[in-house]
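A quick write-up on the structure given underneath.
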Amino acid sequence: MSEQPAEKPTSYAANLEAARREKLRKIEEMGFDPWGQRFDDHQPIGEIRNRENEIVVEPAGECEIGKPPQQHGPKVRAAGRIILRRPSGKVHWLQIHDGSGTVQVMIGKNQVGEKNWELAQCFDLGDIIGVDGEFHRTMKGELTIFAEDLHFLCKSLEPPPEKWAGLNDPDLRQRMRYVDLIHTGGVLERFLRRTKIVQSIRNTLNGRRFVEVEGPTLHAIAGGAAAKPFTTHHNALDIDLYLRIALELHLKRLLVGGIERVYELGRVYRNEGISPRHNPEFTMLEVYQAYGNYETMMELTEALIVEAIRASGQDLKLPWGDGQIDFTPPFVRKTYDELFAEHAGVPPQDTAAVKTLAEKIGFDTKGKHADVVKSEVFEEKVEPALRGPIFVTDYPASVCPLTKRKKSDPQVAERFELFIQGMEVANAYTELNDPDLQEELFTKQLDGLPEEESMARMDRDFIRALRHGMPPAGGLGIGIDRLVMLLTNTQTIREVILFPLLRPEA
RNA sequence: GAGGUUGUAGCUCAGUCGGUAGAGCAACGGACUUUUAAUCCGUAGGUCUCGGGUUCGAGUCCCGACAACCUCACCA
């Protein structure tokens with residue numbers, strides 16, 4: 001087997017690395033471990049900064065003339081990455097950074113001793129160090145750890161991005177998210193806020209006695225949504241499988257099985273386009289509540305969102321681009337037909353007029369069910385106009401094969417979607433639990449839709465489950481990534497997903 | 001999948017009409033014990049994304065490929 005010769009890096013990049021490797025060698029020579037060891041009892045930098053009130057300034061009378069007033073502060077120990085260096089003769093100023101914040105460190109030759117001073121000569125931007133010292137302000141008022149002892153925790157062999165502009169190329173930022181998190185302002189904070197939102201959602205549900213479960217992600221039948229699945233293969237069983245496109249059908253099986261309040265918060269995969277609002281894998285919450293209906297789910301949706309906003313430390317009026325979104329409950333509720341009349345300018349019951357409008361927009365209406373045509377016009381004319389938050393209720397039954405019909409009008413499904421800034425954020429039903437009707441809807445394809453675009457994919461085991469009796473229930477799905485976008489004022493889904501899908505590097 | 005924009009040093013960016021490749025930061029050497037994107041002096045660093053073509057001559061013009069971003073389509 002012939003090894004390919006290692007690709008020679010450009011000579012300049014090699015020089016940058018060689019300089020760092022030379023310092024690494026010196027660090028080792030001095031007896032320090034360039035890759036560090038266990039380092040106990042350090043405090044998060046954010047907490048250290050909060051100890052500012054422990055700083056005492058000597059009374060002015062005791063000051064020597066021409067010298068700044070003496071300060072004393074707590075002894076602290078910090079660990080962090082060097083993100084800025086200002087060497088100035090026999091004193092070096094550093095900014096070190098950890099997940100909780102940034103603090104200045106002063107290293108004075110006479111204060112840290114000869115060996116530490118030699119070590120400090122080997123620091124590069126990006127290295128991780130430990131510092132013991134006293135925490136107080138400089139003459140100019142900057143909160144600073146005045147180093148008394150230094151520890152080397154990790155060498156960095158790669159140069160960091162430009163210190164002021166940082167990483168700007170969105171490709172590099174997503175590919176090297178680790179660099180982005182360190183050097184791009186607000187990125188780490190946004191992802192930590194995402195975590196708080198997700199935690200809050202779990203807390204809200206757990207507090208209402210919902211049970212979290214983990215369904216299968218490999219499905220023999222990719223059901224529960226209208227989407228193109230990823231396919232994969234299991235070798236030992238020699239069967240093709242799909243990555244799940246929804247959580248729905250297995251969670252409903254658990255309703256049959258007696259888990260009366262159940263949810264899953266997990267990843268689903270859809271083999272479709274990529275856009276500022278779409279990533280091939282995304283995080284979905286689905287919740288099912290026995291003996292509830294879609295109105296129960298509306299109240300729950302409001303609670304989940306309002307609690308998440310509070311938990312992430314924000315006001316119910318959130319900034320969004322140049323404007324803001326007001327999440328004060330209750331959210332506006334309007335029916336599909338009301339909104340259709342309002343924004344499409346055509347009576348929703350007038351099938352012929354809706355068809356004419358659809359053709360005027362440029363849609364092909366041939367052989368399509370009237371409700372499908374209406375739904376296309378709705379998506380074109382109404383959805384983009386919905387600033388929200390607004391619950392759109394009572395959809396045409398024929399486009400909702402998993403939803404229970406209204407008792408008073410079987411043409412209307414008990415369903416709502418929550419729209420915010422033109423984005424569909426949540427989707428909920430009163431769940432259909434009539435096995436015969438469900439089987440009929442699975443069998444009868446929606447008029448004019450190819451199978452892969454239809455939700456009506458036959459799942460015999462699911463029908464069998466329904467035949468055992470599923471309690472009447474409300475069900476809810478929330479696109480977590482989109483919700484996080486809205487709650488963090490982020491206009492692209494790629495900035496709320498740590499590692500969005502990218503083409504592999506050449 | 002279609003259209004548009006972009007691709008130059010490790011990073012952020014200039015580069016005029018086609019005529020020897022530029023800056024800042026980072027790096028390296030030197031000065032500096034209160035700096036704040038430290039400052040000052042000096043040095044080094046380039047397969048101009050890749051492959052063709054036109055031309056005496058291409059970072060620049062043309063064709064193709066690759067990648068990112070934006071818009072649209074599919075979709076949540």
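Each chain gets a letter, A, B and so on, in the order the sequences are listed, and its residues count up from 1.
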To the nearest Å, how far apart are Trp164(A) CH2 and A23(B) P?
-> 23 Å

Please check the phosphate of A67(B) (OP1 and OP2 only) for any side-chain N or O of Arg503(A) closer than 4.0 Å.
-> yes

Describe the nucleic acid contact of Arg85(A) in one word from base, sugar-phosphate, nothing, applying a heavy-atom distance below 4.0 Å.
-> sugar-phosphate

Report the C-alpha separation of Arg267(A) and Glu281(A) in whole Å, then their side-chain angles, then the decisive distance to 0.1 Å, and conclude whether the salt bridge (charged side-chain N to carboxylate O under 4.0 Å, His left out) test is met.
-> CA-CA 6 Å; Arg267(A) 209 68 64 83; Glu281(A) 55 177 316; 2.7 Å; yes

Whole-Å gap separating C1' (A38(B)) and CD (Gln95(A)) | 12 Å

List the steps and the verdict of ring-ring contact (aromatic ring centres under 6.0 Å, His included) for Tyr288(A) and Tyr263(A).
-> CA-CA 6 Å; Tyr288(A) 294 85; Tyr263(A) 73 97; over 10 Å; no

U34(B) phosphate, OP1 or OP2, under 4.0 Å from Gln104(A) side-chain N/O = no

What's the verdict on ring-ring contact (aromatic ring centres under 6.0 Å, His included) for Phe391(A) and Phe331(A), showing C-alpha distance, side-chain angles and the deciding distance?
-> CA-CA 7 Å; Phe391(A) 288 117; Phe331(A) 303 163; 5.7 Å; yes

Closer than 4.0 Å, any side-chain N/O of Lys163(A) to the OP1 or OP2 of A38(B)?
-> yes

Distance, C1' atom - from U8(B) to C13(B), rounded to whole angstrom | 9 Å

With sugar-phosphate meaning primed atoms plus P, OP1 and OP2, does Gly273(A) contact a base, only sugar-phosphate, or nothing at under 4.0 Å between heavy atoms?
-> base

Nearest-nucleotide comparison on RNA chain B, the residue closer to the 5′ end among Gly166(A) and Thr144(A) | Gly166(A)

So does Asn15(A) get a side-chain nitrogen or oxygen closer than 4.0 Å to the phosphate oxygens (OP1/OP2) of A44(B)?
-> no

Checking all strands, does Glu272(A) fall into the base, sugar-phosphate, or nothing category for heavy-atom contacts under 4.0 angstrom?
-> base

Lys NZ or Arg CZ of Lys155(A) over Phe32(A) ring: under 6.0 Å, within 45° = no

When we call it a touch if two heavy atoms are under 4.0 Å apart, what does Pro160(A) touch: a base, just sugar-phosphate, or nothing?
-> nothing

